[in-house]
Amino acid sequence: MKVCVLGATGATGQWVTKMLLDKGYEVTVYVRNPKKITLTHSALHIVHGELTDKARLVKVFLNQDAVMSCLGSSTMKKSNQLETMAIAIGSAMKASGVERILYMATAGIEDEFTGIFKIFIRMILGNVIDDHRKAAQYYQSNGFVYTILRPLQLKDGEPNGSYQEALVGLPKSRKAVSRSNVAKLMIKALEDERYLNTSVSVSE
Ligand SMILES: NC(=O)c1ccc[n+]([C@@H]2O[C@H](COP(=O)([O-])OP(=O)(O)OC[C@H]3O[C@@H](n4cnc5c(N)ncnc54)[C@H](OP(=O)(O)O)[C@@H]3O)[C@@H](O)[C@H]2O)c1
C-alpha cells in the first residue's frame, strides 16, 4: 500500500512516517525542507515541494492509496493557513484520483469542551481550532473518505498504545497524549474500515 505523508518533518509526522515504514508501507513524504528528513529506508521517497505547487502535488499523489496529514500552522493568530492547505491538498487529490485522507486536527473543532475549560482553551487556541475546524469540514463535505483526528494536548513519548478514543465528544481521561500514540491511532484508522468517515478524539 502506498501512502503520502504531509507534515512528515514535524514531530507527529516523523512518527507516522517511521511507523508506516516499519509496517511495510511504501511511503512518499512531500516536504518543503527535505534536509529535515533524517530517516533513510528503501521504501521511503522524499519529494521536495510546496503545497501551493498543484502540478507537483498532483504528480506526487498519483497512485497513492491514501494521504495522511500532520500539518501545523505557523501562527496562533486568526488565520486560514490550515484551511488553505486543505483546499490545495484536496484539489490535488481530486485531480489524481485519491479519495482517502487522514487529517490530524485538534480537540475543540466540534465544540467538545464546556464551561470554564472551554473559555480557557478558546482564549489560547481559539484561532488554531477554528482554522482546523474549517480544514476538517472541507474534507468532510467534499466527497473524500476521511478520518479526522482530534487529539487533546500533545506531548512527547514512546508509543505505548495506552490511549483512549471517542468518536463523539472527548475521551473520559482528557489527558495529554503522546504524538507517537496519535501516530499509532492514525495508522490503525488507515487499516480499519470502522474509521471511515469518522472524527475521533484521542487522549491518554
Ligand atoms: N500542540 C498541541 O498540544 C496540539 C494539540 C492537538 C492538536 N495539535 C495539532 O497537531 C498537529 C501536529 O502537531 P505537531 O506538534 O506534530 O506539529 P509540528 O511538529 O509543528 O509539525 C508541523 C508540520 O507542518 C509542516 N508545515 C507547516 N506549515 C507548512 C506549510 N505552509 N507548507 C508545508 N508544510 C508546512 C511543518 O513543516 P516544516 O518542518 O517544513 O516547518 C511540519 O512538518 C498541528 O496541526 C497542531 O495544531 C497540537
Side-chain angles (χ1 to χ4, degrees), residues 4-19 27-39 46-54 56-57 60-61 67-92 101-110 112-113 117 120-136 138-139 147-157 159 163-166 170-171 173-187 189 199-204:
C4 180
V5 180
L6 303 173
T9 51
T12 315
Q14 289 183 40
W15 277 110
V16 169
T17 305
K18 182 186 179 311
M19 287 182 191
V27 182
T28 300
V29 296
Y30 184 72
V31 292
R32 58 182 177 176
N33 290 310
K35 282 183 184 160
K36 283 193 183 175
I37 302 282
T38 51
L39 201 61
I46 303 166
V47 183
H48 180 199
E50 297 289 337
L51 292 170
T52 46
D53 186 344
K54 183 173 174 186
R56 201 161 170 75
L57 202 49
V60 166
F61 286 165
V67 173
M68 298 179 77
S69 166
C70 302
L71 291 162
S73 64
S74 62
T75 182
M76 304 279 273
K77 293 185 181 159
K78 195 172 170 59
S79 158
N80 60 357
Q81 278 184 34
L82 295 164
E83 181 189 22
T84 303
M85 286 193 271
I87 294 169
I89 293 158
S91 138
I101 175 81
L102 294 100
Y103 179 70
M104 180 174 179
T106 179
I109 62 168
E110 295 183 0
E112 308 97 317
F113 295 106
F117 203 56
F120 179 68
I121 297 263
R122 292 252 1 134
M123 252 170 53
I124 302 169
L125 294 169
N127 292 324
V128 180
I129 290 172
D130 290 344
D131 199 10
H132 266 308
R133 178 188 300 112
K134 285 184 273 177
Y138 168 75
Y139 291 123
T147 304
I148 307 298
L149 281 296
R150 294 179 285 114
L152 280 93
Q153 188 185 357
L154 297 176
K155 61 179 185 179
D156 291 323
Y163 58 79
Q164 297 184 7
E165 347 171 357
L170 301 170
S173 76
R174 302 191 178 190
K175 286 186 188 154
V177 58
S178 67
R179 291 171 171 88
S180 60
N181 274 336
V182 176
K184 215 172 162 63
L185 175 60
M186 277 184 99
I187 294 169
S199 167
V200 56
S201 185
V202 53
S203 73
E204 273 179 24

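Just so you know, these numbers use all the heavy atoms, side chains as well, and skip hydrogens, waters and symmetry mates. One-based numbering, in listed order, for ligands and for the atoms of each.
Considering only non-hydrogen protein atoms, atom 30 (C) of ligand 1 sits nearest to R32 NH1, 3.3 Å. The protein atom (non-hydrogen) at minimum distance from atom 27 (C) of ligand 1 is G72 O, 3.0 Å. Residue, atom and distance of the protein heavy atom nearest to atom 10 (O) of ligand 1 are M104 CE, 3.3 Å. Looking at atom 34 (N) of ligand 1, its nearest protein heavy atom turns out to be L71 CD2, 3.5 Å. Among all protein heavy atoms, the one lying closest to atom 40 (O) of ligand 1 is N33 ND2, 2.7 Å. Nearest protein heavy-atom contact of atom 15 (O) of ligand 1 is R179 NE, 3.0 Å. Of the protein's non-hydrogen atoms, T9 OG1, 3.2 Å is the one closest to atom 37 (O) of ligand 1. If you check which protein heavy atom lies closest to atom 16 (O) of ligand 1, you get T12 OG1, 2.6 Å.
With a 4.0 Å heavy-atom cut-off, ligand 1 is reached by the backbone of A105 but not by any atom from C-beta on. Only the backbone of L152 comes within 4.0 Å of ligand 1, counting heavy atoms alone; no side-chain atom from C-beta on gets that close. Residue contacts with ligand 1, taken as heavy atom pairs separated by less than 4.0 Å, do not involve Q81 at all.
Counting only non-hydrogen atoms, the option in D131, L154, V128 that gets closest to atom 4 (C) of ligand 1 is L154. Residue nearest to atom 17 (O) of ligand 1, selected from A8, A11, G7: A11 (by heavy-atom distance).
Taking every heavy atom of both residues into account, C70 and M186 meet most closely at SG-SD, 3.9 Å. In terms of heavy atoms, C4 sits closest to Y30 at SG-CB, 4.4 Å. Nearest heavy atom pair, residue S180 against residue G157, reads OG-O, 2.7 Å. Between H132 and L71, the shortest heavy-atom distance links the atoms CE1-O, 4.2 Å. For the residue pair L39 and K18, the shortest heavy atom distance occurs at CD2-CA, 4.0 Å.
Using 4.0 Å as the threshold, H132 has a heavy atom nearer than that to some atom of ligand 1. At least one heavy atom of M85 sits under 4.0 Å from some atom of ligand 1. Not a single heavy atom of L125 sits less than 4.0 Å from an atom of ligand 1. At least one heavy atom of C70 sits less than 4.0 Å from an atom of ligand 1.
On a distance-only criterion, K36 and ligand 1 share at least one N/O pair closer than 3.5 Å. Backbone and side-chain nitrogen or oxygen atoms of T106 are examined, and none is located within less than 3.5 angstrom of a nitrogen or oxygen of ligand 1. For the pair G10 and ligand 1, the shortest N or O to N or O distance falls below 3.5 Å.
Side chains of S201 and E112: a donor-acceptor N/O pair is absent below 3.5 angstrom, by distance only.
Considering R174, Q164, K155 in turn, K155 is the only one that fulfils the side chain to side chain donor-acceptor pair (under 3.5 Å) rule with E204.
For atom 13 (O) of ligand 1, the nearest protein heavy atom is under 4.0 Å away.
Listed by number with element, the atoms of ligand 1 under 4.0 angstrom from any heavy atom of L51 are 32 (N), 33 (C). Ligand 1 places these atoms under 4.0 Å from at least one heavy atom of P151: 6 (C), 7 (C).
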Chi angles and distances behind the side-chain contact (heavy atoms from CB on, under 4.5 Å) call for T84, Y138: CA-CA 10 Å; T84 303; Y138 168 75; over 6 Å; no
T75 vs Q81, side-chain contact (heavy atoms from CB on, under 4.5 Å): CA-CA, chis, key distance, verdict: CA-CA 9 Å; T75 182; Q81 278 184 34; 3.6 Å; yes
CA sep, side-chain torsions, deciding dist, call: R122, D130, salt bridge (Lys or Arg N to Asp or Glu O under 4.0 Å): CA-CA 9 Å; R122 292 252 1 134; D130 290 344; 3.0 Å; yes
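A 4.5 Å side-chain heavy-atom check between L154 and V177 finds at least one atom pair inside the cut-off.
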